[in-house]
Every structure is written in C-alpha cells, then in structure tokens.
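Structure first, commentary second.
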Amino acid sequence: MLVMFRRKVQPLDDVLQKFLRDEGLETPLLQHRLIDAWPQVVGATVNSYTTERFIKNQTLFVKINNPALRQDLSMMRTQLVKRLNDFVGSMVISDIKLY
C-alpha cells in the first residue's frame, strides 16, 4: 500500500520573507537596501556630495556637503521618499532630513 503525504508547498520567496519577519530581520534588511539605493535613485553627481546616510524612526538622514544642492533636494523630499520606497518595494521611510 502506497501512502501519500500531502505537503504544503510554498515558494522559497514566501518562506524566506516569513523567516525574516519572524526573526525581526525584515525591517533592518529593507533599511539597508534603501540606504544602498540612494546612489542609484539620486545619481552619481548628487551622491558625490553625500557623506552620511542613516535611518532613525522611519526618517532617512542624509548629510549633503553642498548647501545649494541640499536646498534643491529639500524641495524634492516627497518625491525622493516615494522613489526610494518604490525602489525597495516597501514603505521603509516616511521622511528625509537633509543636513
């Protein structure tokens, strides 16, 4: 007699995402990916004036060495938040503070 076991087959992506969420690693991983996405989202020129990037309380803090560029980027904060979140495919940040 052949006994068949029914297995719950899930895509590996779903299993990994559940594991990361259960272990509390999903948010830090997404934050890291978002910080790493900064050069690709803003371009090489803007990135060349960037010296520090970190996330605290859903806010991305970015140090920009050029005051005129900092002012221009400040006016584009909403678009930058959307583009960065879209890049990583999740709502990671809600604001950007440029200093």
Side-chain angles (χ1 to χ4, degrees):
M1 181 171 153
L2 180 61
V3 177
M4 302 275 297
F5 291 100
R6 189 171 189 158
R7 296 177 189 224
K8 184 179 176 187
V9 179
Q10 295 178 309
L12 184 57
D13 183 44
D14 293 349
V15 173
L16 282 173
Q17 194 150 13
K18 181 179 178 345
F19 171 77
L20 291 172
R21 190 174 301 122
D22 291 349
E23 296 299 316
L25 300 171
E26 184 179 36
T27 299
L29 180 62
L30 288 171
Q31 289 176 344
H32 189 293
R33 287 175 56 200
L34 187 132
I35 288 170
D36 287 349
W38 175 261
Q40 294 156 329
V41 171
V42 299
T45 304
V46 172
N47 190 53
S48 68
Y49 292 100
T50 303
T51 57
E52 295 177 21
R53 300 182 304 262
F54 65 92
I55 296 174
K56 183 175 181 182
N57 298 330
Q58 288 190 317
T59 300
L60 174 64
F61 291 84
V62 182
K63 184 170 185 179
I64 304 290
N65 292 332
N66 182 310
L69 179 60
R70 186 181 321 119
Q71 182 63 32
D72 288 347
L73 290 174
S74 289
M75 291 186 280
M76 299 175 50
R77 281 184 16 237
T78 304
Q79 294 118 318
L80 287 171
V81 167
K82 182 180 180 343
R83 288 172 59 194
L84 286 161
N85 283 328
D86 288 348
F87 192 90
V88 297
S90 184
M91 174 69 176
V92 179
I93 60 169
S94 57
D95 197 9
I96 297 178
K97 298 285 187 208
L98 304 165
Y99 64 99

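Index from 1, following the sequence. As the structure is a computational prediction, the values presented were derived from the model and not from experiment.
The two residues Q58 and V92 have their closest heavy-atom pair at CG-O, 3.7 Å. The minimum heavy-atom distance between R53 and V62, with the atom names listed, is CG-CG1, 4.3 Å. Heavy-atom minimum distance, S90 versus L30: OG-CD1, 3.6 Å. Of all heavy-atom pairs spanning V41 and R83, the tightest one is O-NH2, 2.6 Å. In plain terms, the two heavy atoms of V42 and N47 that are nearest each other are CG2-N, 4.1 Å. Across all non-hydrogen atoms, the minimal contact from Q10 to V15 is OE1-CG2, 3.5 Å.
Residues L20 and I35 do not share a hydrophobic cluster, defined by chaining ILVMFWY side chains whose heavy atoms lie under 4.5 Å apart. In the hydrophobic cluster analysis, where Ile, Leu, Val, Met, Phe, Trp and Tyr join through side-chain heavy atoms closer than 4.5 angstrom, L69 is grouped apart from F61.
Separation of atoms CG (D86) and CG (L34) is listed at 10.5 Å; rounding is to 0.5 Å. Between R33 atom CZ and L84 atom CG the span is 12.5 Å, to the nearest 0.5 Å. Rounding to the nearest 0.5 angstrom, the gap separating the CZ atom in R70 from the OG1 atom in T50 is 10.5 Å. In this structure, OG1 in T45 is found 11.5 Å from CG in N66, a value given to the nearest 0.5 Å. Here the straight-line distance linking atom CD of E23 with atom NZ of K18 works out to 9.5 Å at 0.5 Å rounding. Taken from NZ in K63 to OG1 in T51, the straight-line distance is 5.0 Å, to the nearest 0.5 Å.
In summary, of the residues considered (V88, L80, N57, I55), a side-chain contact (heavy atoms from CB on, under 4.5 Å) with I93 occurs for I55 alone.
The 12-atom threshold is exceeded at CZ of F54, counting heavy atoms of other residues, nucleotides or ligands nearer than 6.0 Å.
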- [ ] Would you check, one step at a time, whether the test side chain to side chain contact (heavy atoms under 4.5 Å, CB included) holds for Y99 with E52?
- [x] CA-CA 10 Å; Y99 64 99; E52 295 177 21; 2.7 Å; yes
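With hydrogens and angles ignored, the 3.5 Å screen pairs a side-chain donor or acceptor of R77 with a backbone N or O of I96.
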